[in-house]
Amino acid sequence: MIKPLIAERENGASIRVWVPACSTGEEAYSIAMLAIELAEAAGKRFDLKVFATDAQEANLRKARDGVYPAAAMTGLSAERLRRYFEKLDGSYQVTKELRDMVVFARQNLLRDPPFSRLDLVSCRNVLIYLEPDAQQRIIALCHFSLTQGGHLFLGNAETVGRHDDLFETVSKKWRIYRRVGPTRHDLVDYPRPRASAEPTTGEKPPSLLPGPTAPVAEMARRALLERFAPASVLVDLKGRVLYFHGATRDYLEQPSGEPTRDLLTMARDGLALKLRVAIREAMKDNRDVTVTARVQEGKSSRSVAITVMPLPTSSAGGNLLVSFIPAPKASKQVKASMREDAGGGSSGERALQEELTTTRAELRNTIEHLETANEELKASNEEATSMNEELQSTNEELETSKEELQSFNEELNTVNNQLQHKIGELEAATNDLNNLLAGSETATLFLDDKFRIKWFAPATKELFDFVSSDIGRPIAHFAPKFSDANLLPDAETVLKKLITIDAEVKSDASRWYLRRMLPYRTRDNHIAGVVVTFSDNHGAEARR
């Protein structure tokens, strides 16, 4: 599982491992040790990072300390014990180098987001303590966390269950599985963050109350409109009625069923076809269009002129004003002539022929319009399908980005907790060191490789007039309160030959000190300066 990963991974690359429910950290440290040894055997170096999480803070504290009883070390070889552990009084502690590779953090598997871009998830003996639904949810989270081809390690009594389409079995005996298939966003369920605040509902606009007595001109205009203006409706470009004026009931009626504002649906018999043609031509040519139609009233019919007038384009996209003007009634002579024509039959036939010709022309017009509309709908449908696919792709990318951001946030929180723990350890060690040196009578002075002051103990004030702001200044700038002409030459010799030099010096107060000078070594055995100590030498005073 780890060996093939190291074999195929390039030198210098990163390897990320997650150990959920890590308890006191034994498994996390074991995986880190195994990865280090296999990388060395392959002659490679990796940026190894092991994330270990647990819901119990007490377990995490023990895991970060890395202190285990001697009885727990029986399964380790002597070589591993020597390399990865430091012996304490009756116990062993994981070395600082190994502890720095493992990041411990508090996490609830069923509530908090998982990590991401992982090469290995070791979730052993966790699922057996959970209900089936919770088990399947954690399996889905592990699938999301792993990179393509990443491995999942379960306990002997655990399997991936019904999510066998997400993993392929590598070793049935050891319960090792490999991630397959794309990331299933529908299976990853994060708790939604609470809204920062509920949207405040705006107050209702005050109702417009009729003003005081309208001006005389306005009253006259309204009276003229009601008296002489034809019955009209204001419609939008989709044929929906926005406003009614006058006695439109003679031309429009609500059909049975649910209420509608569609003009063509409300048109009485005989008007819908002419209305459709007039509206289409008015919208197409942006001009006034007038057509004549016959509205059916029972067994009889009457003629009506329909005028469609485009209004100036508004912010809503433009409107149409549709007016209905009844045709004047025929005189008695006209009626008599019509009766004579009807008796002869020739005039009635011509009227029927004209109506049939008009109907055919309108039908051809409608068919052409339907064909054009059909082609436009097909093009719009293809465009909508393409946009839908792009939107789905964008949505998936956003979902992935959201989940990765949540994982990155969890990882940053984990690293931050680890840093806070390290800072606490550093502060405790610094306090211990300061108290130890403050209680010591040995004057201690740290110099860097340029013989500048790095640190000094309080006891050095008997030999130098140091203040805290002198850190960083060369020691040669200070006049010592003792006689020692070889202070700087001996420091150069110690730094060059890496030896220890002792000398007796006499202070201005006639006290003798044993001055010892030795190299300043860092944890990785790097020489970073010189350490100078002054011990009160009572024996020298007695001999003198």
Side-chain angles (χ1 to χ4, degrees), residues 230-245 248-297 300-327 346-391:
S232 304
V233 291
L234 183 67
V235 299
D236 59 16
L237 297 183
K238 294 183 178 180
R240 292 174 300 195
V241 178
L242 305 177
Y243 180 77
F244 294 88
H245 171 77
T248 58
R249 69 179 67 88
D250 295 333
Y251 313 101
L252 306 175
E253 65 176 350
Q254 278 287 347
S256 59
E258 295 183 359
T260 180
R261 298 182 71 87
D262 185 74
L263 177 64
L264 298 179
T265 304
M266 291 190 292
R268 289 183 178 272
D269 294 343
L271 299 181
L273 182 60
K274 295 292 185 72
L275 265 176
R276 181 181 289 107
V277 173
I279 290 174
R280 184 171 67 248
E281 291 183 359
M283 291 172 55
K284 180 180 178 182
D285 301 332
N286 194 28
R287 63 180 178 85
D288 295 357
V289 176
T290 301
V291 295
T292 302
R294 298 192 67 83
V295 58
Q296 297 294 329
E297 293 181 345
S300 62
S301 64
R302 58 188 177 88
S303 181
V304 59
I306 304 174
T307 300
V308 181
M309 180 177 65
L311 298 181
T313 303
S314 64
S315 59
N319 297 318
L320 302 170
L321 182 65
V322 181
S323 300
F324 303 93
I325 305 173
S346 59
S347 178
E349 290 177 359
R350 282 197 301 271
L352 290 175
Q353 187 68 28
E354 290 176 359
E355 186 173 352
L356 180 59
T357 303
T358 303
T359 303
R360 286 176 177 173
E362 291 177 354
L363 183 58
R364 284 195 300 270
N365 232 350
T366 303
I367 292 173
E368 291 175 0
H369 175 69
L370 287 176
E371 290 176 351
T372 303
N374 190 37
E375 292 176 359
E376 292 177 356
L377 285 174
K378 286 182 180 178
S380 300
N381 184 50
E382 292 175 358
E383 185 176 351
T385 302
S386 176
M387 292 179 63
N388 185 45
E389 292 175 355
E390 292 179 2
L391 287 174

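- Thr385 contributes a side-chain N or O that, together with a main-chain N or O of Asn381, makes up a donor-acceptor pair within less than 3.5 Å.
- Side-chain contact between Arg302 and Asp250: present, with at least one pair of heavy atoms (C-beta onward) separated by less than 4.5 Å.
- Among residue pairs with one or both ends in residues 370-389, none qualify as ring pair (Phe, Tyr, Trp, His ring centres under 6.0 Å); sequence neighbours excluded.
- Atoms CD and NZ, on Glu281 and Lys284 in that order, are 8.0 Å from each other to the nearest 0.5 Å.
- Tyr251 has its side chain within reach of Pro326: a pair of non-hydrogen atoms, C-beta onward, lies under 4.5 Å apart.
- Considering only heavy atoms from C-beta on, Asp288 comes within 4.5 Å of Pro310 through its side chain.
- Looking at heavy atoms from C-beta onward, Phe244 lies in side-chain contact with Leu252 at the 4.5 angstrom threshold.
- Within the 4.5 Å cutoff, the side chain of Val295 has no heavy atoms near those of the Phe324 side chain.
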Identify every side-chain donor-acceptor pair in residues 254-263 under 3.5 Å, counting partners at least two apart or on other chains, and give the distances.
residue, atom, partner, partner atom, Å
Gln254, OE1, Thr260, N, 3.3
Gln254, NE2, Thr260, O, 2.7
Thr260, OG1, Asp262, N, 3.1
Arg261, NE, Val241, O, 2.9
Arg261, NH2, Val241, O, 2.8
Asp262, OD2, Leu264, N, 3.4
Asp262, OD2, Thr265, N, 3.0
Asp262, OD2, Thr265, OG1, 2.8

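- One distance of note links OG of Ser232 with CD1 of Ile325; it measures 7.5 Å at 0.5 Å rounding.
- Remark: Arg360 CZ to Ile367 CD1 distance equals 12.0 Å, nearest 0.5 Å.
- Among Leu275, Val277, Val289, the one residue that satisfies the side-chain contact (heavy atoms from CB on, under 4.5 Å) test with Ile306 is Leu275.
- Across all their heavy atoms, Ala267 and Leu271 have their closest contact at CB-CB, 4.2 Å.
- Atom CZ of Arg249 sits in a sparse spot, with 12 or fewer heavy atoms from other residues, nucleotides or ligands closer than 6.0 Å.
- Residues Asn319 and Asp236 share a closest heavy-atom pair of OD1-CA, 3.7 Å.
- Between Glu376 atom CD and Glu383 atom CD the span is 12.0 Å, to the nearest 0.5 Å.
- Within the 4.5 Å cutoff, the side chain of Leu273 has heavy atoms near those of the Thr366 side chain.
- With values rounded to the nearest 0.5 angstrom, Glu368 atom CD is found 8.0 Å from Arg364 atom CZ.
- Side-chain atoms of Arg268 and Gln296, non-hydrogen and from C-beta on, never get closer than 4.5 Å to each other.
- Atoms CG and CE, from Leu234 and Met309 in turn, are 9.5 Å apart once rounded to the nearest 0.5 Å.
- The nearest pair of heavy atoms linking Thr292 to Lys274 is O-NZ, 2.5 Å.
- The side chain to side chain donor-acceptor pair (under 3.5 Å) check on Thr290 picks up Thr307, with sequence neighbours excluded.
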